[in-house]
Amino acid sequence: MSKKPVLYYTPRSPPCRAVLLTAAALGVDLDLRLMNLKDGDHLTPEFLKLNPLHTIPVLDDDGVVVTDSHVICSYLADKYSVDESLYPKDKLKRMQVDARLFFECGHLFPRVRIMVEPIIYFGEHEITPEKVSYMQKAYDGLEKALTVHKYLCGDHLTIADLCCVSSVSTAMRFAPIEEDKFPNVKAWVQRLSELPYYQKNNQEGVDTLVNFVKDKMVENKTAKESS
C-alpha cells in the first residue's frame, strides 16, 4: 500500500485549509502533521530541509515535496483527480483558474494578514476601519467574477473556489460581506459552506482562528491599558 501524502499544516491558516478542502474534494486521505509555529516547528533543521522558506503548508508525497498552498492544490488535482473539473487541463480554462489563484494570493490572503497579524504578533488590539474597508474592496473583484456563473471559473467548482473561500470565510468575520453590495459573494460562500467536507476542513479552523484573534485583542488591550 502506498504512503499517504504528508501535510505539514495548522488548521488556523487559510492556505492550509485550502489544501485540506482540495484533498477532501478529491477524496485524498492525508497524513496530517500539526505544526506549532509559536514553538518554532517551522524552523527546525528537519523542516528547513523540506522548505527553506519555512512556510506552511508543505506537502511531502512519497518524497515529492511541494510548497505553497496554490501549487499544492494544483499538484493534488493533477495527480489524484478522476476528471478535470477541479483543475482543467484545457489551457484557456486552466489559465482562468490560475488567474483566480493569483488573485487570492495577491489580494485576498494579504488583506487577511493585514487585519490579523498585527494583533497576533505585534500587540495591536483592534482592526481599524481602514483595514476593514481595504478587505471589503477585494470582495468587489469576486462579485464581478460571480455575476454570470455560480463559481469563480464557471458552473463547476474548481480549486480557485476552494483557495479563495479559505481566505474569504476568514475575512468576513472581521470585514463583513455586505449583502446589498456583494450578493453574489454572499451566495457563493453559502454555496461552498454546504459542501459535505466544508465544516471539518475549513469552518472549524476559521472558528479557531477567529476566537484566538479575539482573545488576543482583549489581552493586548488589557496589556496596553495597564502599561
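Numbering starts at 1 and runs along the sequence shown.
Asp39 places no side-chain N or O within donor-acceptor distance of the main-chain N or O of Asp41, the cut-off being under 3.5 Å. Of the possible polar contacts, none joining the Arg100 side chain to the Cys153 backbone as a donor-acceptor pair under 3.5 Å is found. Checking side-chain atoms of Gln136 against main-chain N and O of Pro176 turns up a donor-acceptor pair under 3.5 Å. A donor-acceptor pair under 3.5 Å is absent between the side-chain atoms of Ser133 and the main chain of Glu130, judged by distance alone. Between the side chain of Thr44 and the backbone N or O of Phe47, at least one donor-acceptor pair lies under 3.5 Å.
Interatomic distance, Glu104 CD to Leu162 CG, rounded to the nearest 0.5 Å: 11.0 Å. Here CG of Asp207 is found 9.5 Å from OG of Ser169. Values are rounded to the nearest 0.5 Å. Atom-to-atom distance recorded for His54:NE2 and Leu37:CG is 11.0 Å, nearest 0.5 angstrom. Note that OH of Tyr139 and CD of Glu178 are 9.5 Å apart. Values are rounded to the nearest 0.5 Å. Taking OG1 from Thr22 and CZ from Arg17, the interatomic distance works out to 12.5 Å, rounded to the nearest 0.5 Å. Going from atom CG of Leu20 over to atom OG of Ser13 covers 9.0 Å, rounded to the nearest 0.5 Å.
When hydrophobic clusters are built by joining Ile, Leu, Val, Met, Phe, Trp and Tyr residues whose side-chain heavy atoms come closer than 4.5 Å, directly or via intermediates, Leu21 is not grouped with Val58. Grouping the Ile, Leu, Val, Met, Phe, Trp and Tyr side chains by contacts below 4.5 angstrom, directly or via other members, places Ile114 apart from Val168. By the criterion of side-chain heavy atoms lying less than 4.5 angstrom apart, applied directly or through intervening Ile, Leu, Val, Met, Phe, Trp or Tyr residues, Phe212 is grouped together with Tyr121 in one hydrophobic cluster. Hydrophobic clustering of Ile, Leu, Val, Met, Phe, Trp and Tyr side chains at less than 4.5 Å, counting indirect connections, keeps Tyr8 apart from Val28. Both Leu7 and Val64 belong to a common hydrophobic cluster when Ile, Leu, Val, Met, Phe, Trp and Tyr are linked at side-chain heavy-atom distances under 4.5 angstrom.
Considering Leu86, Val19, Val66 in turn, Val19 is the only one that fulfils the side chain to side chain contact (heavy atoms under 4.5 Å, CB included) rule with Leu76. Checking each of Asn184, Ile177, Leu152 against Leu142 for a side chain to side chain contact (heavy atoms under 4.5 Å, CB included) leaves exactly one that passes, namely Leu152.
The shortest distance between side-chain heavy atoms of Met135 and Val112 falls below 4.5 Å. Residues Trp188 and Val165 have side chains in contact (heavy-atom distance under 4.5 Å, counting atoms from C-beta outward). Under the 4.5 Å side-chain criterion, counting only non-hydrogen atoms from C-beta, Leu92 is in contact with Met95. In this structure, Ser166 and Phe109 have side chains that are not in contact, with every pair of non-hydrogen atoms separated by 4.5 Å or more. Two residues are said to be in side-chain contact when any heavy atoms from C-beta on lie closer than 4.5 Å; Tyr134 and Met115 fail this criterion. Counting only heavy atoms from C-beta outward, the side chains of Arg111 and Ser167 never approach each other to under 4.5 Å. For the pair Ile120 and Val213, the minimum side-chain heavy-atom distance is below 4.5 Å. No side-chain heavy atom of Thr67 sits under 4.5 Å from any side-chain heavy atom of Leu53.
Other residues, nucleotides and ligands contribute only 12 or fewer heavy atoms inside 6.0 Å of the CD atom of Glu179. Environment of NE2 in His125: crowded, with over 12 heavy atoms of neighbouring residues, nucleotides or ligands closer than 6.0 Å. Heavy-atom neighbours of Phe102 CZ from other residues, nucleotides or ligands within 6.0 Å: at or below the threshold of 12. More than 12 heavy-atom neighbours from other residues, nucleotides or ligands sit within 6.0 angstrom of OH on Tyr151. Other residues, nucleotides and ligands place more than 12 heavy atoms under 6.0 Å from the NZ atom of Lys89.
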Quick one, Val6 with Leu30, criterion side chain to side chain contact (heavy atoms under 4.5 Å, CB included). Give me CA distance, side-chain angles, the key distance, then yes/no.
CA-CA 6 Å; Val6 175; Leu30 298 172; over 6 Å; no
Applying side chain to side chain contact (heavy atoms under 4.5 Å, CB included), run through Val210 and Val206 and close with a yes or a no.
CA-CA 6 Å; Val210 170; Val206 171; 4.1 Å; yes
Side chain to side chain donor-acceptor pair (under 3.5 Å), that's the test. Do Asn201 and Tyr197 meet it? Break it down for me.
CA-CA 6 Å; Asn201 293 287; Tyr197 47 81; over 6 Å; no
Show, in sequence, the C-alpha distance, side-chain angles and deciding distance for Thr222 and Asn220, and conclude whether the side chain to side chain contact (heavy atoms under 4.5 Å, CB included) test is met.
CA-CA 5 Å; Thr222 301; Asn220 294 344; over 6 Å; no
Test salt bridge (charged side-chain N to carboxylate O under 4.0 Å, His left out) on Arg94 and Asp78 and set out the steps.
CA-CA 11 Å; Arg94 176 164 290 204; Asp78 272 338; 2.6 Å; yes
Derivation and outcome, side chain to side chain contact (heavy atoms under 4.5 Å, CB included), residues Val65 and Lys49
CA-CA 10 Å; Val65 178; Lys49 288 180 181 178; over 6 Å; no
For a salt bridge (charged side-chain N to carboxylate O under 4.0 Å, His left out) check, start with the C-alpha distance between Lys79 and Asp61, then their side-chain angles and the critical distance, and finish with the verdict.
CA-CA 11 Å; Lys79 181 171 181 180; Asp61 189 9; 2.9 Å; yes
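Closest approach of Pro57 and Ile72 over heavy atoms only: O-CD1, 3.6 Å. Taking all atoms of both residues into account, the shortest heavy-atom contact from Glu143 to Val185 is OE1-N, 3.0 Å. The heavy-atom pair separating Ser85 from Thr158 by the smallest distance is O-CG2, 3.6 Å. Shortest non-hydrogen contact noted between Ala223 and Ser226 is O-OG, 3.2 Å. For Lys131 against Pro118, the heavy-atom pair with the smallest separation is NZ-CG, 3.7 Å. Closest heavy-atom contact between Met35 and Ile56: CG-CG2, 4.1 Å.
Residues satisfying the salt bridge (Lys or Arg N to Asp or Glu O under 4.0 Å) criterion with Asp83, sequence neighbours excluded, are absent altogether.
Between Arg12 and Glu204, none of the side-chain N atoms (NZ, or NE/NH1/NH2) sits under 4.0 Å from a carboxylate O, so this pair counts as no salt bridge. The residues Lys150 and Asp155 are annotated as not salt-bridged, no charged nitrogen and carboxylate oxygen being separated by less than 4.0 angstrom.
Asp98 and Tyr87 share a side-chain donor-acceptor pair at under 3.5 Å.
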